[in-house]
Colleague: 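Okay, handing you the structure first.
Remember, it's a predicted structure, so these values are computed and weren't measured experimentally. What you see below is based on every heavy atom in this structure, not just the backbone, and it leaves out hydrogens, waters and symmetry mates.
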Protein chains: 2
Amino acid sequence: MKLGDGVEQAIHSVTMLAVLPADGLLSAAALAEFHGVSTSYLLKHLQALSRAGIVDTVPGPKGGYRLAKPADEITLLDIVLAVEGPEPAFRCKEIRQRGPNPLPKERFNAPCQINAAMLRAERLYRNELRKVTVADLNTSVMQTDDGSIEKRGCAFLGEHMRLLPS
Amino acid sequence: MKLGDGVEQAIHSVTMLAVLPADGLLSAAALAEFHGVSTSYLLKHLQALSRAGIVDTVPGPKGGYRLAKPADEITLLDIVLAVEGPEPAFRCKEIRQRGPNPLPKERFNAPCQINAAMLRAERLYRNELRKVTVADLNTSVMQTDDGSIEKRGCAFLGEHMRLLPS
DNA sequence: GTTAGGCTACTCGGATAGCCACTGTCCGAGTAAAGTGGG
DNA sequence: CCCACTTTACTCGGACAGTGGCTATCCGAGTAGCCTAAC
C-alpha cells in the first residue's frame, strides 16, 4: 500500500499548469526546477499525463506542456490513474479455488466476498478523489495564502512561461 | 498503488481461523496447504498478525494459531494494517517548499491541500474496511454457499484441526 | 506399577537471499526559430 | 530590401541502468509429548 512519488510530482505539475493563461506553456525543465525534482524523471510522468489526455504537448523549441481541458474537468483520480495505472490495489488471486482439493469453478459462481469488500472500499476512495478537481485545489490554496505563494509563482512564471505559437 | 499478495493470504487465513471452535488450532503448514501457498511465506504474515494482536500463537508440537479475539471484533482494516504497515499510501514530500526560491516554513502553515485531499480519500477507504468484520465475511459466504464450500472446509478441519492443550 | 528424567520431533520466530517494480538517467526523433545567401 | 533555404538548438519521446521493498526461503529457539529406566 504505497503510492509512488511520481503521483505527487504529477499533481503539483498539473496544479501549476492550471494557473497559466489559456495560451501559456511550461517546459518540463521549468516544472522540475520549480519543484526541485529531477527533470528526466518528471518527464516520465508528464508523458503518462499526455497519454491520458490530461495535458497537451507542444513540440519543438519554445514548446512545453499545457492543460488539455479546463482545470475544473481534471480530477485527482484522473491524475492518479494516469500515473499509477488503472488496476485496483487489491488483486484477488482466487486462492479460495486453490489448495489440495480444488472445487470445480462452478461452485464459486458467487464472487469472493473478500474481493468485493476490498473493491468496495477502493471505489469509495476513487469516488472521493473524483470529487476533487484541480480548480478546487487552486482556489483552496488562494484562500489560505497571504500572498507569498502567489507572488513566488508569478515571479517564476514571468521568467519561464511561454506562449502558444499560434 | 498496489497491495502485496500477503494481504489476501492473511485475510483468508484469519477467515479460516474464525470458523474454528473456541479451542481449535491450525498450524501454519495446514493453512498454507489449504490455500495452496508457500508455508514459509505465510508464516511471515501470520507473525505480523500475531504482533498486531489479531491471532494468538501456541508454541510446541500440536501448536498453531487461533484468533486472539472474537471474529466480530476483527476488521479487514486491522488485517491490512498489520500486514502492510500503518503508514498512509500517499506521503506528502512537501515539494511545494522546495525549488529554487524556497519560502520560509512560516509561510506554509496551511496544510498542503493535495495532501489533505489524498488523506481524506484514504480515510474513507479505511473507514469502509473498518466496517467489515471477519464474522461478516463468513456469514456472507454461508448465505451464498450451496454446501460445497462448507463441506470441503469441514473435511479439511477434521483432518488438520487441533485442540488447545488446556 | 509408578514416576522422574531425558530425548525426540514438531512448532513458531527471526534472520537471510532473490526478484520485480519504482526511481533515476540517457540518447534519439522532431520542430520552430534564427542565420545566411541569393534574387 | 525581401525571401527561401540551411543550419541550429531546443523540446518531447521512448529505451536503458540502479535501487528499495516485496517475495520466497532457511535455520535456530522453544516446548509438548513420548520413551526409557530406575525405584
Side-chain angles (χ1 to χ4, degrees), chain A residues 1-10 13 17 25-33 35-52 54-66 68 80 83-85 87 89-91 93 95 160-166, chain B residues 1-10 13 17 25-33 35-52 55-66 68 80 82-85 87 89-91 93 95 160-166:
Chain A
M1 193 65 177
K2 181 173 179 294
L3 272 70
D5 298 347
V7 176
E8 187 180 7
Q9 299 181 15
S13 296
L17 291 177
L25 291 178
L26 273 179
S27 72
L31 286 169
E33 180 191 353
H35 294 111
V37 298
S38 159
T39 302
S40 307
Y41 187 42
L42 182 59
L43 261 169
K44 185 185 183 69
H45 302 300
L46 289 175
Q47 289 164 19
L49 294 175
S50 173
R51 277 191 292 268
I54 296 174
V55 300
D56 266 344
T57 66
V58 176
K62 304 288 181 180
Y65 291 92
R66 67 193 192 98
V80 171
V83 174
E84 289 282 318
E87 295 135 30
F90 184 82
R91 281 96 158 180
K93 298 287 194 313
I95 67 175
H160 293 275
M161 192 182 73
R162 302 162 182 182
L163 293 181
L164 193 63
S166 59
Chain B
M1 192 66 177
K2 181 173 177 293
L3 271 71
D5 297 347
V7 175
E8 187 180 5
Q9 301 181 15
S13 297
L17 292 177
L25 291 178
L26 274 179
S27 72
L31 285 169
E33 179 190 354
H35 293 111
V37 299
S38 160
T39 302
S40 307
Y41 186 42
L42 182 60
L43 261 169
K44 184 186 182 71
H45 301 302
L46 290 174
Q47 290 165 19
L49 295 175
S50 173
R51 277 191 292 267
V55 300
D56 267 343
T57 66
V58 176
K62 304 291 181 180
Y65 292 92
R66 68 195 191 96
V80 171
V83 174
E84 289 281 319
E87 295 136 30
F90 184 82
R91 281 97 158 180
K93 297 287 193 313
I95 66 176
H160 293 275
M161 193 182 71
R162 302 162 180 180
L163 294 181
L164 194 63
S166 58

Colleague: Let me know the distance between NE2 of A:His160 and P of D:dC10, rounded to the nearest Å.
Modeller: 15 Å
Colleague: Taking CD1 from A:Ile95 and P from D:dT23, how many angstroms apart are they, rounded to a whole number?
Modeller: 13 Å
Colleague: Roughly, in whole Å, what's the span from CD in B:Glu33 to P in C:dC10?
Modeller: 15 Å
Colleague: Just the rounded figure in Å: distance from P of D:dC12 to CG of A:Asp56.
Modeller: 13 Å
Colleague: From the options D:dC12, C:dG13, D:dG14, select the nucleotide whose nearest atom is closest to the side chain of B:Gln47.
Modeller: C:dG13
Colleague: Would you check, one step at a time, whether the test side chain to side chain contact (heavy atoms under 4.5 Å, CB included) holds for A:Leu42 with A:Thr39?
Modeller: CA-CA 5 Å; A:Leu42 182 59; A:Thr39 302; 5.9 Å; no
Colleague: Please report, rounded to the nearest Å, how far the P atom of C:dC10 is from the CG atom of B:Leu26.
Modeller: 18 Å
Colleague: Heavy atoms only, 4.0 Å cut-off, all strands: where does B:Ala29 land among base, sugar-phosphate and nothing?
Modeller: nothing
Colleague: Which atoms form the tightest heavy-atom contact between B:Ala10 and B:Leu49, and what is the distance?
Modeller: CB-CD1, 4.1 Å
Colleague: Would you name the heavy atoms of B:Arg91 and A:Lys2 that are closest together and state the gap between them?
Modeller: NH1-CG, 2.9 Å
Colleague: Please determine whether a side-chain nitrogen or oxygen atom of A:Ser27 lies at a distance below 4.0 Å from atom OP1 or OP2 of D:dC10.
Modeller: no
Colleague: Looking only at heavy atoms, which two atoms of A:Leu46 and A:Val55 are closest? And how far apart?
Modeller: O-CG2, 4.0 Å
Colleague: Polar-atom pairs under 3.5 Å, protein N or O versus N or O of nucleotides 30-33 of chain D: list them with distances, or write none.
Modeller:
none

Colleague: Check whether any side-chain N or O of A:Arg51 sits under 4.0 Å from OP1 or OP2 of D:dG13, and answer yes or no.
Modeller: no
Colleague: What integer distance in Å separates A:Leu25:CG from C:dT31:P?
Modeller: 16 Å
Colleague: To the nearest 0.5 Å, what is the distance between CZ (A:Phe90) and CE (A:Met1)?
Modeller: 12.0 Å
Colleague: Below 3.5 Å between N/O atoms, which protein atoms pair up with nucleotides 23-27 of chain C? Just atom names and distances, please.
Modeller:
residue : atom : partner : partner atom : Å
C:dT23  : OP1  : A:Asp5  : N            : 2.6
C:dT23  : OP2  : A:Tyr41 : OH           : 2.4
C:dT23  : O5'  : A:Tyr41 : OH           : 2.9
C:dT25  : OP2  : A:Ser38 : OG           : 3.0

Colleague: Identify the heavy atoms of B:Leu163 and B:Met161 that sit nearest to each other, and give their distance.
Modeller: CD2-CE, 4.2 Å
Colleague: Could you work out which one of C:dC10, D:dC12, C:dG13 sits closest to the side chain of B:Arg162?
Modeller: C:dC10
Colleague: Are more than 12 heavy atoms from other residues, nucleotides or ligands located less than 6.0 Å from atom NZ of B:Lys62?
Modeller: no
Colleague: Between A:Tyr65 and A:Ile54, is there a side-chain heavy-atom distance shorter than 4.5 Å?
Modeller: no
Colleague: Answer yes or no: is there a donor N or O on one side and an acceptor on the other, between the side chain of A:Gln9 and the main chain of A:Val37, under 3.5 Å?
Modeller: no
